[in-house]
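To keep things clear, I will list the structure first and then write my remarks on it.
Naming: A, B, ... by sequence-line order, numbering from 1 per chain. In what follows, every heavy atom counts, from backbone to side chain, and hydrogens, waters and symmetry copies are set aside.
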2 protein chains.
Amino acid sequence: MSSDPPGFELPLRLLLGFRMLIDDLHAELARRGHPDVRPMHGFVMQAIGVEGTTAVELGRRLGISKQAAGKTVGTLEQLGYVERACDPGDARRKIVRLTPYGLESLALSARVFDELRARWAGTLGPERMRAFETDLRALTEGETFRLDVPGWFGA
Amino acid sequence: MSSDPPGFELPLRLLLGFRMLIDDLHAELARRGHPDVRPMHGFVMQAIGVEGTTAVELGRRLGISKQAAGKTVGTLEQLGYVERACDPGDARRKIVRLTPYGLESLALSARVFDELRARWAGTLGPERMRAFETDLRALTEGETFRLDVPGWFGA
DNA sequence: TGGGAAACGTAAACATAGTTGTCGAAATGG
DNA sequence: CCATTTCGACAACTATGTTTACGTTTCCCA
């Protein structure tokens, strides 16, 4: 009588939910002045943070090589979201920092994500929304985020 | 008093949960005789199904071009998971079918997914696990699965 | 019946991820 | 002071996707 759903539905819907949020976010970002930012860029800028960082450290945070991190930073630089500056204290290092435009996109993303969460809470009700997030947090406890999606998903 | 979590945590953890399940699945698949199958391959084989299908239809189901579907089928064919046969009723079409090896990997995946779901249910308890899945299903209602992850995630 | 339109599969060219390997420049430390 | 380490950049390669194009086969309608 329990009739549990098949196990393969779970990963499918987790991915579906993720994609749904990210797609909605970027539709809204495009509408509000950031049409060129891609899903990956958001994660990278989040990893760069307000403080700024280096390519090596960025790669470490995202679980990719420093070369891949450097390439992505180059793209973001062309789009005007980040800038590279030499470290006065260490001539080897170059600090990657968010530009005002980049900071704005990050702040906007945070606002839109909150709106999207509110919409989801409207579907489930605040009670179950809270429970849903608590459970999801419990299930993914201790996991670290990795950005190596392309190579990981299909080798 | 409500102190809702920030909205950006939701997509992050959805992706984390997805990746967790898929990584565990493939670790187990590798252990049980399928070391070469990649995350993407599982979704493609699932889309091919027991009946078999064509490259065009496969692309349609996965939300990718028929050419991309054809390429992936070629890879899967080399690995021995699928085979291509001419359609006796239509010389234009070529039916892609799972080999016994492919069918076995699909059945094994289903079993492992059920085991993983049971492990998650062990964390939350059967009650909340059921509620979690119900809510997730409600939130992702009507969404269609797309396999164009590489091009979608980073443009 | 015949010919144009549509569908299928394949290939080439291109763009974008990632990776490894290599290298020069700068900092570190024994 | 020299050897080792670290950082950033470049080249070569793989894997994914896309668009464009083409030859073959089928379908449909005038």
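- Note that CG of Asp23(B) and CD of Glu143(A) are 8.0 Å apart. Values are rounded to the nearest 0.5 Å.
- The residue among Lys94(A) and Ala91(B) whose nearest nucleotide of DNA chain D lies closer to the 5′ end is Lys94(A).
- Within the 4.0 Å cut-off from OP1 or OP2 of dG17(D), not a single side-chain nitrogen or oxygen of Ser65(B) is found.
- Atom pair Lys71(A):NZ and dC10(D):P shows a separation of 11 Å (rounding to whole Å applied).
- Comparing dT16(D), dG8(D), dC8(C) against the side chain of Ala55(A) picks out dG8(D) as the nearest.
- Remark: C1' of dT24(D) and NZ of Lys66(B) are 12 Å apart, rounded to the nearest angstrom.
- We find that CG of Asp148(B) is positioned 6 Å from P of dT18(D), with the value rounded to whole Å.
- Regarding Leu58(B), its CG atom lies at a distance of 13 Å from the P atom of dC8(C), rounded to whole Å.
- Rounded to an integer number of Å, the gap from Trp152(A) CH2 to dG17(D) C1' is 17 Å.
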Just do the side chain to side chain contact (heavy atoms under 4.5 Å, CB included) check on Glu104(B) and His34(B) with the steps written out, would you? CA-CA 10 Å; Glu104(B) 179 202 308; His34(B) 293 271; 3.0 Å; yes

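- Phe43(B) has its ring centre no less than 6.0 Å from the ring centre of Phe8(A).
- Between Arg93(B) and dA6(C), a side-chain N or O to OP1/OP2 separation shorter than 4.0 Å is absent.
- Nucleotide dT16(C) holds its P atom 11 Å from the CE atom of Met40(A), rounded to whole Å.
- Between the CG atom of Asp90(A) and the C1' atom of dT6(D) there is a distance of 8 Å, given to the nearest Å.
- Within the cation-pi definition used here (under 6.0 Å to the ring centroid, within 45° of the axis), Arg19(A) qualifies as a partner of Trp152(B).
- Checked for salt-bridge contact, Asp4(B) and Arg117(A) meet the test: a charged N lies under 4.0 Å from a carboxylate O.
- For a distance-only test at 3.5 Å, the side chain of Gln67(B) qualifies as a donor-acceptor partner of the base of dT20(D).
- Contacts between residues 18-30 of chain A and DNA chain D, defined by a heavy-atom separation under 4.0 Å, are absent.
- The phosphate of dT10(C) has OP1 or OP2 within less than 4.0 Å of a side-chain N or O from Arg84(B).
- Annotation: Tyr101(A) is in aromatic contact with Tyr81(A) [ring centroid separation under 6.0 Å].
- Residue Arg60(A) has a polar side-chain atom (N or O) positioned under 4.0 Å from OP1 or OP2 of dC7(D).
- Salt-bridge annotation for Arg32(A) and Glu115(A): present, with a side-chain N of the basic residue lying under 4.0 Å from a carboxylate O of the acidic one.
- Taking 3.5 Å as the limit, the base of dT24(D) and the side chain of Arg92(B) contain no donor-acceptor pair of atoms between them.
- Between Thr54(A) and the phosphate of dC7(D), there is no side-chain N or O to OP1/OP2 separation shorter than 4.0 Å.
- Comparing Gly63(A) and Pro88(A) along DNA chain C, the residue whose closest nucleotide (by nearest heavy atom) sits nearer the 5' end is Gly63(A).
- To the nearest 0.5 Å, atom CZ of residue Arg31(A) and atom CD of residue Glu28(A) are 4.0 Å apart.
- Nucleotide dG9(C) holds its P atom 8 Å from the CD1 atom of Ile95(B), rounded to whole Å.
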